[in-house]
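Excluded from the calculations below are hydrogen atoms, water molecules and symmetry mates; all remaining heavy atoms, backbone and side chain alike, are included. Being a predicted model, the structure only gives us computed values, none of them experimental. Lettering follows sequence order; numbering is per chain, from 1.
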Amino acid sequence: MKAKGAMIQSVRGVKDVLPSESLKWRLVEETASEIFTLYNFKEIRIPTFEKTEVFKRSIGETTDIVEKEMYTFTDRGGESLTLRPEGTASIVRAYVENGLYNPPGVTKLFYMGPMFRAERPQAGRFRQFHQIGAEVFGTDDPAIDAEVIIMLMDLFTELRVPGLKVLLNSLGCPECRPAFRDALYTFLKERASDLCKNCQSRIERNPLRALDCKSPTCKEIVENAPTIDEYRCDSCETHFNNVRKPLIDLEIPVTVDPKLMRGLDYYSRTAFEVVSEGLGAQNSVAGGGRYDSLVEQFGGPKTPAIGFALGIERLISLLNGQDEEELTEYPDIFIVPMTETASLRSFEIAHRLRSYGYQVDRTFGTASMKSMMKKADRSKARYTLIIGEDELKKGTGTLRNMSSGEQIETSFDDIADILDEEPHP
RNA sequence: GUGGGCGUAGCUCAGCUGGUAGAGCACUGGAUUGUGGUUCCGGUGGUCGCGGGUUCAAACCCCGUCGCUCACCCCA
């Protein structure tokens with residue numbers, strides 16, 4: 001590489017999706033869109049950045065995301081804007097702003113796109129990453145909680161992702177959670193000196209999070225900590241049971257995990273996470289839960305809601321080694337024009353074949369026949385159409401079947417018919 | 001922000017106790033005046049991440065720096 005200008009690298013933690021991967025992305029996005037449509041979800045497209053306030057108000061001031069992970073900048077008018085670190089906040093803002101609660105009823109929305117968090121990158125974690133998410137507004141019927149989880153698992157099943165399980169918990173509601181929180185607080189406070197530094201600071205800020213600390217000593221201590229089960233009110237308990245029942249009936253691999261907490265402040269009741277082995281330390285492919293007071297916080301009418309988001313990069317890494325060849329679309333026909341005149345003539349032929357829906361490519365530039373055939377071979381086209389002096393005189397081309405090596409001379413008008421007769425492999 | 005590992009050809013990597021660079025793949029030409037995939041022969045391609053130090057001599061040792069990567073925190 002003779003570097004005249006120094007190479008410019010991409011920003012840390014962001015990735016290019018190269019052609020070798022992009023078909024998998026399309027498969028994931030299209031499949032999600034199809035499955036969600038089966039459940040009558042409608043797509044919503046929201047901006048990539050918002051007023052910073054949108055995220056501060058929804059995600060919570062003391063969460064890591066808001067405290068240190070947001071890409072925030074000041075625009076020309078002096079207003080603080082932020083590249084969205086997640087989708088739900090924007091969806092809620094859009095739901096309220098556009099009055100989607102009218103007419104009243106259930107609103108089912110999905111979205112996909114990039115999210116931004118200024119974290120240190122590692123396996124399965126990027127600064128720009130992509131999520132597919134879905135949100136349902138307007139009902140707290142546990143049936144919708146179950147439906148949303150079933151829909152998510154349908155997507156994974158359709159994509160044939162192996163070895164997933166759903167971790168499920170209910171975080172309680174504003175009625176019962178405070179009591180649990182207090183109990184946990186005093187429990188932790190009494191043992192503060194034995195906890196790791198992180199958990200010590202969690203006691204005041206967000207004691208719930210000490211429950212899924214990975215430090216061995218904390219794990220041991222927390223083993224005997226009070227759990228939400230003991231504090232859930234009757235209505236939360238019933239709700240939780242009714243979320244679980246349909247999942248069990250449909251044999252969705254659900255594990256109740258009383259220690260499953262959510263990092264973001266807005267969750268209540270149902271919380272779930274879909275985890276996989278083989279993702280490294282970041283083993284969660286999707287996460288979601290219920291947020292019954294967020295719409296109100298955004299100035300809308302009291303509207304219960306539930307949603308989830310899945311990480312596209314993580315999902316795709318679970319797809320690796322699966323059917324990569326099958327996904328790729330190779331040309332049906334590759335044209336090798338041997339002269340200038342042939343090159344000109346091939347425009348017309350290629351154009352007609354494409355209009356019939358065939359994928360067509362050709363050589364560019366001058367090269368030996370041998371090297372042009374090599375290019376044809378590498379394109380993995382089913383057929384090569386050779387057009388040289390002899391053919392031009394007769395108005396024909398030589399059509400070569402690249403797997404059998406058979407070739408026939410054909411008039412340009414008949415090529416499409418010949419391709420049609422051959423079933424696609 | 002903290003810690004570990006790693007930066008050698010386009011890619012994957014080798015390079016012993018320091019002696020001024022190698023393989024495979026890829027690319028390209030030929031064997032085969034208009035025919036690819038196999039084989040054989042040849043060729044292009046490297047300021048060994050960058051800067052400094054030690055030394056007669058550094059890809060190799062030392063210091064710094066940048067980048068990548070994994071992990072912690074946390075999350076998708």
Side-chain angles (χ1 to χ4, degrees), chain A residues 1-3 6-13 15 20 59 62-69 84-88 112-133 152 196-199 201-202 205-206 209-210 212-215 218 260-264 272-276 279-288 307-318 334 336-339 342 363 367-381 383-392 397-407:
Chain A
M1 185 177 10
K2 282 168 202 165
M7 182 177 68
I8 301 175
Q9 287 181 281
S10 63
V11 174
R12 151 175 278 202
K15 287 267 178 287
S20 57
I59 296 168
T62 65
T63 58
D64 280 13
I65 292 182
V66 169
E67 279 184 344
K68 53 182 197 192
E69 294 172 4
R84 61 179 186 197
E86 56 115 38
T88 303
M112 47 187 86
M115 307 293 162
F116 308 85
R117 290 183 203 173
E119 299 175 277
R120 199 75 175 262
Q122 75 183 73
R125 180 202 282 158
F126 311 96
R127 290 189 167 181
Q128 175 175 335
F129 61 102
H130 297 76
Q131 290 187 328
I132 299 176
L152 177 60
C196 70
K197 282 181 207 122
N198 274 316
C199 284
S201 74
R202 279 173 177 142
R205 299 175 24 169
N206 199 339
R209 237 140 2 118
D212 45 28
C213 181
K214 282 160 193 156
S215 137
C218 292
L260 176 72
M261 288 296 143
R262 304 267 73 201
L264 315 186
F272 62 94
E273 202 162 302
V274 182
V275 295
S276 162
L279 272 182
Q282 312 303 324
N283 69 342
S284 162
V285 208
F308 65 78
L310 75 88
I312 299 187
E313 284 85 352
R314 290 184 188 177
L315 173 53
I316 289 203
S317 79
L318 294 172
F334 193 94
V336 171
M338 293 177 58
T339 65
T363 58
S368 66
M369 171 113 197
K370 184 186 169 69
S371 86
M372 288 195 285
M373 288 305 291
K374 227 175 219 172
K375 283 179 177 124
D377 181 47
R378 271 186 219 118
S379 78
K380 298 194 178 165
Y383 286 92
T384 297
L385 180 68
I386 301 158
I387 309 172
E389 289 295 337
D390 301 347
E391 287 87 348
L392 274 179
T398 299
L399 190 65
R400 181 179 178 89
N401 179 320
M402 294 303 276
S403 51
S404 69
E406 287 169 43
Q407 44 185 61

Considering only nitrogen or oxygen atoms on both sides, find all protein atoms under 3.5 Å from nucleotides 28-30 of chain B and state each distance.
none

Specify the separation, in whole Å, of atom [atom1] of [X] and atom [atom2] of [N].
X        : N     : atom1 : atom2 : value
A/Glu69  : B/C73 : CD    : C1'   : 9 Å
A/Arg84  : B/A76 : CZ    : P     : 14 Å
A/Met373 : B/U38 : CE    : P     : 14 Å
A/Met372 : B/G34 : CE    : C1'   : 9 Å
A/Leu399 : B/G36 : CG    : P     : 17 Å
A/Ile386 : B/G36 : CD1   : C1'   : 9 Å
A/Phe334 : B/G36 : CZ    : P     : 14 Å
A/Gln128 : B/A76 : CD    : P     : 17 Å

Provide the distance between the two [atom1] atoms, one in [N] and one in [M], to the nearest whole Å.
N     : M     : atom1 : value
B/C6  : B/U65 : C1'   : 16 Å
B/C61 : B/G19 : P     : 11 Å
B/A21 : B/A26 : P     : 26 Å
B/C66 : B/G10 : C1'   : 22 Å
B/C25 : B/A31 : C1'   : 22 Å
B/G51 : B/A9  : C1'   : 23 Å
B/C48 : B/C41 : C1'   : 30 Å
B/G1  : B/A58 : P     : 35 Å

Taking the side chain from [X] and the backbone from [Y], do they hold a donor-acceptor pair closer than 3.5 Å?
X        : Y        : result
A/Glu313 : A/His130 : yes
A/Arg314 : A/Gly124 : yes
A/Arg400 : A/Thr384 : no
A/Arg127 : A/Glu119 : yes
A/Arg84  : A/Pro114 : yes

From [X] [atom1] over to [Y] [atom2], what is the distance, rounded to the nearest 0.5 angstrom?
X        : Y        : atom1 : atom2 : result
A/Met112 : A/Leu310 : CE    : CG    : 8.5 Å
A/Asp377 : A/Ser371 : CG    : OG    : 12.5 Å
A/Glu86  : A/Gln131 : CD    : CD    : 7.5 Å
A/Ile132 : A/Ile312 : CD1   : CD1   : 4.0 Å

Taking Watson-Crick and G-U wobble contacts under 3.5 angstrom, with | marking pairs to another strand and [ ] crossing pairs, the secondary structure of RNA chain B is written (((((((..((((.....[..)))).(((((.......))))).....(((((..]....))))))))))))....
Flag the pair [X] / [Y] as yes when at least one side-chain heavy-atom distance between them is below 4.5 Å, and no otherwise.
X        : Y        : result
A/Met338 : A/Leu392 : no
A/Phe272 : A/Leu152 : yes
A/Phe334 : A/Leu385 : no
A/Lys380 : A/Met402 : no

Taking only the side-chain heavy atoms of A/Thr398 (C-beta and beyond), determine which of B/C75, B/G34, B/A76 contains the nearest atom.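 Closest nucleotide to the A/Thr398 side chain: B/G34.
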Have a look at [X] and say if it touches a base, only the backbone sugar-phosphate, or nothing, with a 4.0 Å heavy-atom cut-off.
X        : value
A/Met402 : base
A/Glu273 : nothing
A/Gln407 : base

Of A/Ile312 and A/Met369, whose nearest nucleotide on RNA chain B comes first from the 5' end?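 Closer to the 5' end of RNA chain B: A/Met369.
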Tell me which of A/Arg400 and A/Lys68 sits closer to the 5' end of RNA chain B, going by the nucleotide each one is nearest to.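 That would be A/Arg400.
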Sort me out a list of protein N/O and nucleotides 64-71 of chain B N/O pairs below 3.5 Å, or just none if empty.
{"unit_1": "B/C68", "atom_1": "OP2", "unit_2": "A/Arg12", "atom_2": "NE", "d": "3.1"}
{"unit_1": "B/C68", "atom_1": "OP2", "unit_2": "A/Arg12", "atom_2": "NH2", "d": "3.1"}
{"unit_1": "B/U69", "atom_1": "OP1", "unit_2": "A/Lys15", "atom_2": "NZ", "d": "3.0"}
{"unit_1": "B/C70", "atom_1": "OP2", "unit_2": "A/Ala123", "atom_2": "N", "d": "3.1"}
{"unit_1": "B/A71", "atom_1": "OP1", "unit_2": "A/Ala281", "atom_2": "N", "d": "3.1"}
{"unit_1": "B/A71", "atom_1": "OP2", "unit_2": "A/Gln122", "atom_2": "NE2", "d": "3.2"}
{"unit_1": "B/A71", "atom_1": "OP2", "unit_2": "A/Ala123", "atom_2": "N", "d": "3.3"}

